[in-house]
Amino acid sequence: MAGYEEVDVLIIGAGPGGAGVAYELKDTGAKIVCLEQGPWVTPPEHPHYHDEWEIEKQRGWAYDPNVRQLPEDYPVTGTTTPYMMNNVGGSTVHYAGHWPRYKPVDFRKGTEHGLEGTIDWPISYEDLAPFYDRNDAIYGISGLLGDPSYPDRKNAQRDPMVLPGKLGLKYAKASRDLGWHWWPSDNAVITRPRENREADVGHGNELSGSPTGSLSTPAHAHWPYNVRAGVDLRPMSRVETITAEGGRATGAVYIDRNTGNRHEIRAKIVVLAANGIGSPRMLLASAQKGHENGLANSNGMVGKYLMHHVFAFCDSWFDEPVEGFKGSFGSPMYSHEFYHTDMDRGFVNGFGMQVARSFGPSYAAMGTHTGYTAPWGEKHRDFFANHFANHLMVFMFGEDLPVETNAVTLDPEVTDSDGIPAAHVNYELHPNDIALAKYGIEKIFEATRAVGAVETNDTGVLYPPPAWHLMGTCRMGNTPEDSVLNKWCQTWDLPNLFVVDGSTLTTGGAVNPTSTIGALAVRAGEYIKRNYDHITSQRTTPSNADAPTM
Amino acid sequence: MNDALGEKPAPFGAPETTVAPGWGGGFFETGRPRLGGLEQPVRFTDAQAAVLNALADTIIPPHPDWPNASEVDLVAFCGRYITPSGYKNKHFPFADADSFTAALDKLGQAFVDADPAERAKALEALEKAEDPFFEQIRALVYYGYYSRPEVVIAIRRNVPAGKDYHGPPLPYGYIQSLEPWDETTLAQANENGSYLETEQVTRVDLSKLTWTK
Ligand SMILES: Cc1cc2nc3c(=O)[nH]c(=O)nc-3n(C[C@H](O)[C@H](O)[C@H](O)COP(=O)(O)OP(=O)(O)OC[C@H]3O[C@@H](n4cnc5c(N)ncnc54)[C@H](O)[C@@H]3O)c2cc1C
C-alpha cells in the first residue's frame, strides 16, 4: 500500500444513506468519493423477463446474503435472517418500495413509555417534515395526500397512485366496513416516466428489483445524477477499516475487489452508510489505538438496540379472484387503525397492516408466504385451482422495542472473503412485541373474514423476524450517554465521522424505514454543506444544544 | 429459514478460479448464479429422465385440461437448476447432481413401471423419511411446471383467477387489467384515522401492561 489519496468527503456505502448525503453535496465542488463493496446491478441481471422468474427469487435474488452468497456479500451469523443487498443502491435494489413516514408520536416514545432502551429522538416530526418532502421529490413517490392519520403533507409531490386491483379494493372494503382507518399507500414507484426511468406498468415483483427504473431506488434516482455532477462512485471497493487520529476520523483503508489491492484514502469528513448491520460491523472492526472497543464506541453502545420490527405474515384465501400477481409493490393500501398505544390492550406501541401483492403460480404451489405448500399427488390440481390468485397477504407489521442485548457484534471466527470479521446478530423478541403481534394477527383475520375469506393461515409471530429493516445500532440521541450520534448524525466521539443509514434511527415506528432514512440523509447532507468549515475544525462533537444550526 | 442458522456459514464469496464464468456452471463459484440456471445443463441418462418424468406425473398428476408434467421437459429444467458434480452446492434448490441422480437411480425402472398408487407410496416414503431429495424434487417440479409457457396458457384457460396471468412480469405488466380506486370508496377513506401531535404525547399508564418478562 503505497501512499494515499486525499478527498474532502468519503462516503462508505451507496444505499439510501450514502446516496442521499452525496446528492446533497454533489454540487458543492467538494471532492467526494463513495466506496461501495458491490457492483452496479444491470437491467439484464433482473429476472422479470424470464419464464423462470419465480425460482430465481430463491437464488441470485434471495434476500438473505447467507443464502444468496454473492461475492460482494458478507456472512451474518447468529439466529437471524438478515435481508440486505450489497451493491450500488444498497438494499433498495430489491425492496418493496412501500414509503410511509413516521408519525409525530414515533419521535417521542421515550416520553410515551420509555420501556427497555426507548428514548425520545433528539428531533421531532416537525424538524424532519421538510426533509421528507425534499427526499420524496428526489426518489419519485406515488400516492395520495390527505391521510387523516398524518399531519398535513401539502408540500409533498406525488405521482398518481398505483392501481389497487381487486386485492387493494378488497382490504379497503374490509377496513371501511369495520370503521377502521385505511389509506392508499405511498410507494417508491413512479407512475409517470422520468429521465431514464419508465413509469410503472403494474408488473409486480419489485422484490427482485426493477429493470425499467419504475421502482425508485438510489441506483436510479441518485447515482446517475451524483456521478454526472462529479461524485466519484467506486463500486467493488470494500472498506476494511476506518482510520482515526487525534480524536478525528482520517479516512479508510479499502480493498479494490477487482484487483485485490488495498488503498488508503484520507478525508476531512467520513460518512458511514453501510446499514444497520454493516455500519456497527465497520466501527467495531475499526478498533485501533485509542479506540480499543471500536470507533465511536467509548460508551459501548455501537451495535446495541438493534430493531427489525415484529412481523407475522397473514394469508387469506377467497372463493373469488383476488389476482395478487397483478400490480406493483410496495402496497396498494395500509391501515393504521391500531398504530397508537392503547393501554387497554395490555402492551405499548402498535402496528400497521400492510396489504401485500402476491407472486405467480409457483409461489402459490410452494405455499405463498406462510409455508402452506400445495399437496402433491391427487389433491394437487384442486388445491391449485382454489388457491392460486385467490390469495391475499397482509403483513402484521409492529414496532419492536429497542433492547440493549439485541445487538450486532463481530463474529470471532467467521470472516468475509477479504478476511474482515463477519457480523454476528443476537436478536430476541420482547414479550411486548409478541403480545402486540398476536393481537395484530387476530385483527387482520377479523378484517379478511368480514369480506369473505374462506381459509386463513399465518406464520405466527415470526422468529427470527424477516430482518429487512436494520435499525437502531448507531442511534441518534440526546447525550453522549444515551446514543452513538448527536442530532446531526455526528458520532459523539469523532466530530467528523457521521453515520447516516438505518442504524441512525432512534426507534423504529411501525412503518417501513426508508423514507425516514432518506429524509435524514438529506438533512445530514444539508448540515454538512452548510457547516463544512465548522465541522472540519471541530475537535469535539458539539452537544445538541451547542451544535451550529442549519 | 436459512441454512446458516445455528451453524457457521462457510466463509463464502471468495473469487474461485475453477472455470470461466458462464461456462459449465462457472457462476456457481464466482457471482450471481446465471438466470435460467446452467448454460450447460446436467445431463441425465434416458433411464434417469424416465424416473424424473414419472416423479413429475406423481407430484402433479395428469389431468385432461392440463399439460402432463412429464411432457413439459422438466428434465431439462432440473438439469439447469441442480449443481453439477464437483461444484459448491450453493444455490436453491441445493441439489447436487451426484446425490440427485443417485436418488433417481435408486427409484429406477421399478418406479417407472409402477402404477400411480405404488408410485405415490414410494414418494410418500421419501417424504416421511425427510429425505432431502423429496423437497428438492417437489420444488423443482412446482417451480418448473408452473414456469412453462404451455402451463401458463392452461392457467389462463382453466383458473378463473388466473385468466390474465401471462408468465414473466415484464415486458407487459398488468396495468391494462388492474382495477383503479373507485371514487366512492376513495371519498370515504378519510372518515377514520387520527394522530397525536408532538405536544400531545404523554406518559401512558404502564401499570396496565399485561405481559411479564
Ligand atoms: C426484501 C426487502 C424489502 C424491503 N422493503 C422495503 C419497503 O417496502 N419499504 C422500505 O422503506 N424499506 C424496505 N426495505 C428496507 C430498505 O431496503 C432499507 O431500509 C434501506 O435500503 C436501508 O438503507 P441503508 O442506507 O441503511 O443501507 P443499505 O441500503 O443496505 O446500503 C448499505 C450499503 O453499504 C454497503 N457496504 C456495507 N459495508 C461496506 C463496506 N465495508 N465497504 C463498502 N461498502 C459497504 C453495502 O454493500 C450496501 O450497498 C426492504 C428491504 C429488503 C431486503
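Order of the sequence lines sets the chain letters (A, B, ...), proteins ahead of strands, with each chain counted from 1. What's counted below: heavy atoms across the whole structure, side chains too, no hydrogens, waters or symmetry copies.
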- Task: Would you give the length of the straight line joining atom OG of A:Ser149 to atom CG of B:Leu196, rounded to the nearest 0.5 angstrom?
- Result: 11.0 Å
- Query: For B:Ser177, is it the side chain, the backbone, both, or neither that has a heavy atom closer than 4.5 Å to a heavy atom of chain A?
  - Reply: both
- Sub-4.5 Å side-chain heavy-atom contact between B:Phe77 and A:Ile55: yes
- Item | Step-by-step side chain to side chain contact (heavy atoms under 4.5 Å, CB included) determination, B:Leu206 to A:Val348 | CA-CA 8 Å; B:Leu206 295 176; A:Val348 298; 3.8 Å; yes
- Message: Using a 4.5 angstrom heavy-atom cutoff, name the option from B:Pro169, B:Gly193, B:Gly173 with the most pairs to chain A.
- Response: B:Pro169
- Go through the atoms of A:Asp51 and report whether side chain, backbone, both or neither lie under 4.5 Å from a heavy atom of chain B. both
- Query: Where is the tightest heavy-atom contact between A:Pro104 and B:Thr198, given as atom of each residue plus distance?
  - Reply: CB-OG1, 3.6 Å
- Task: Below 4.5 Å from any heavy atom of chain B, which atoms of A:His46 appear? Answer side chain, backbone, both or neither.
- Result: backbone
- Query: Between B:Thr212, B:Asp65, B:Thr202, which has the largest tally of heavy atom pairs under 4.5 Å with chain A?
  - Reply: B:Thr202
- Heavy-atom contact with chain B under 4.5 Å, split by part of A:Pro211: side chain
- Item | Residue, of A:Met333, A:His380, A:Glu320, A:Lys173, that accumulates the most heavy atom pairs under 4.5 Å with chain B | A:His380
- Message: Can you confirm whether A:Lys57 sits close enough to B:Phe92 that some side-chain heavy atom of one is under 4.5 Å from a side-chain heavy atom of the other?
- Response: no
- Message: Tell me whether A:Glu112 is salt-bridged to B:Arg203, with the criterion being a basic N under 4.0 Å from an acidic carboxylate O.
- Response: no
- Message: Whether the A:Glu323 and B:Tyr174 side chains hold a donor-acceptor pair (N or O, under 3.5 Å, no angle test) is what I'd like checked.
- Response: no
- Under 4.5 Å heavy-atom distance to chain A, tell me which part of B:Asn158 shows up: side chain, backbone, both or neither. neither
- Task: Please determine, by modelled atom types, if A:Glu54 and B:Tyr142 share a side-chain donor-acceptor pair under 3.5 angstrom.
- Result: no
- Message: Given heavy-atom pairs under 4.5 angstrom as the criterion, report whether the side chain, backbone, both or neither of B:Tyr172 touches chain A.
- Response: backbone
- For residues B:Ile60 and A:Phe384, determine if any side-chain heavy atom of one lies less than 4.5 Å from a side-chain heavy atom of the other. no
- Mind checking the CD1-CH2 spacing from B:Ile137 to A:Trp376? Nearest 0.5 Å is all I need. 12.0 Å
- Query: Does anything in residues 141-159 of chain B pair up under salt bridge (Lys or Arg N to Asp or Glu O under 4.0 Å), and if so which pairs, sequence neighbours excluded?
  - Reply: A:Glu52-B:Arg148
- Item | Pick from A:Gly327, A:Gly360, A:Ala435 with the largest number of heavy-atom pairs that fall under 4.5 Å of chain B | A:Gly327
- Can you measure from NE2 (B:His91) to CD (A:Gln58) and round to the nearest 0.5 angstrom? 12.5 Å
- Between B:Asp205 and A:Met343, what is the shortest heavy-atom contact and its length? O-CE, 3.4 Å
- Task: Mind ranking B:Thr210, B:Leu178, B:Asp182 by heavy-atom pairs under 4.5 Å with chain A and telling me who comes out on top?
- Result: B:Leu178
- Task: Indicate the atoms forming the closest heavy-atom contact of A:Gly60 with B:Arg32, along with that distance.
- Result: O-NH1, 2.7 Å
- Task: Please state whether the rings of A:Phe388 and B:Tyr165 are parallel, tilted or perpendicular, taking 30° and 60° as the class boundaries.
- Result: perpendicular
- Message: How close do A:Pro164 and B:Glu179 get, counting heavy atoms only, and between which atoms?
- Response: CD-O, 3.1 Å
- Query: How about B:Trp181 and A:Trp183: are their ring centres within less than 6.0 Å of each other?
  - Reply: no
- Between B:Asn192 and A:Trp180: side-chain donor-acceptor atoms closer than 3.5 Å: no
- Task: Answer with side chain, backbone, both or neither: which region of B:Gln200 has an atom nearer than 4.5 Å to a non-hydrogen atom of chain A?
- Result: neither
- Structural part of A:Val41 lying under 4.5 Å from a heavy atom of chain B: side chain
- Item | Shortest non-hydrogen contact between B:Val201 and A:Thr111, atoms and distance | O-CG2, 3.7 Å
- Considering only heavy atoms and a distance below 4.5 Å, find which of A:Glu198, A:Arg68, A:Lys166, A:Lys103 pairs most often with chain B. A:Lys166
- Note on the structure: Answer key: most heavy-atom pairs under 4.5 Å with chain A among B:Thr58, B:Leu186, B:Leu123 is B:Leu123
- Item | Contacting region of A:Arg381 [heavy-atom separation from chain B under 4.5 Å] | side chain
- Short N-O contact, B:Lys213 and A:Glu116, less than 4.0 angstrom: yes
- Query: Considering only heavy atoms from C-beta outward, does the side chain of B:Asp164 approach that of A:Lys326 to under 4.5 Å?
  - Reply: yes
- Query: Among B:Pro171, B:Pro116, B:Gly162, B:Ser207, which has the most heavy-atom pairs under 4.5 Å with chain A?
  - Reply: B:Pro171
- Message: Checking the side chain of A:Arg176 only, and the main-chain atoms of B:Gln188 only, is there a donor and an acceptor separated by less than 3.5 Å?
- Response: no
- Query: Who wins among B:Val204, B:Asp57, B:Val141, B:Val151 for the most heavy-atom pairs under 4.5 Å with chain A?
  - Reply: B:Val204
- Message: For a 4.5 angstrom cut-off between non-hydrogen side-chain atoms, does A:His336 reach B:Tyr195?
- Response: no
- If one checks every heavy atom of B:Ile59 against chain A at 4.5 Å, the contacting part turns out to be both
- Query: What is the distance from atom CZ of B:Phe94 to atom CZ of A:Arg59, rounded to the nearest 0.5 Å?
  - Reply: 9.0 Å
- Interchain contact, A:Ala365 with chain B, by part (heavy-atom threshold 4.5 Å): both
- Query: What residue in A:Glu378, A:Glu126, A:Glu337, A:Lys109 has the most heavy-atom pairs under 4.5 Å with chain B?
  - Reply: A:Glu126
- Tell me, side chain or backbone of A:Ala364 under 4.5 Å from chain B's heavy atoms, or both, or neither? neither
- Message: Please find the pair of heavy atoms, one from A:His48 and one from B:Pro168, that lie closest to each other, and give the distance.
- Response: O-CB, 3.4 Å
- Name the option with the most non-hydrogen atom pairs under 4.5 Å to chain B; the candidates are A:Ala389, A:Gly419, A:Gly377, A:Ala385. A:Gly377
- Message: Measuring from atom CD of B:Glu191 to atom OG of A:Ser175, what distance do you get when rounded to the nearest 0.5 angstrom?
- Response: 12.5 Å
- Task: Evaluate the side-chain proximity of A:Glu56 to B:Tyr81: yes if any heavy-atom separation is below 4.5 Å, no if none is.
- Result: yes
- Proximity breakdown for A:Thr341 and chain B, heavy-atom pairs closer than 4.5 Å: side chain
- Task: Please determine, among A:Thr373, A:Asp147, A:Leu167, the option with the most heavy-atom pairs under 4.5 Å with chain B.
- Result: A:Thr373
- Task: Can you tell which part of B:Val159 gets under 4.5 Å to a heavy atom of chain A, answering side chain, backbone, both or neither?
- Result: side chain
- Considering only heavy atoms, which portion of A:Tyr150 lies under 4.5 Å from any heavy atom of chain B: side chain, backbone, both, or neither? backbone
- Message: Please determine whether side-chain hydrogen bond (donor to acceptor under 3.5 Å, both in side chains) holds for the pair B:Glu197 and A:Tyr125, giving the CA-CA distance in whole Å, both sets of side-chain angles, and the decisive distance to 0.1 Å.
- Response: CA-CA 9 Å; B:Glu197 303 276 1; A:Tyr125 175 85; over 6 Å; no
- Query: Hey, are the side chains of A:Leu115 and B:Leu209 touching, using non-hydrogen atoms and a 4.5 Å cut-off?
  - Reply: yes
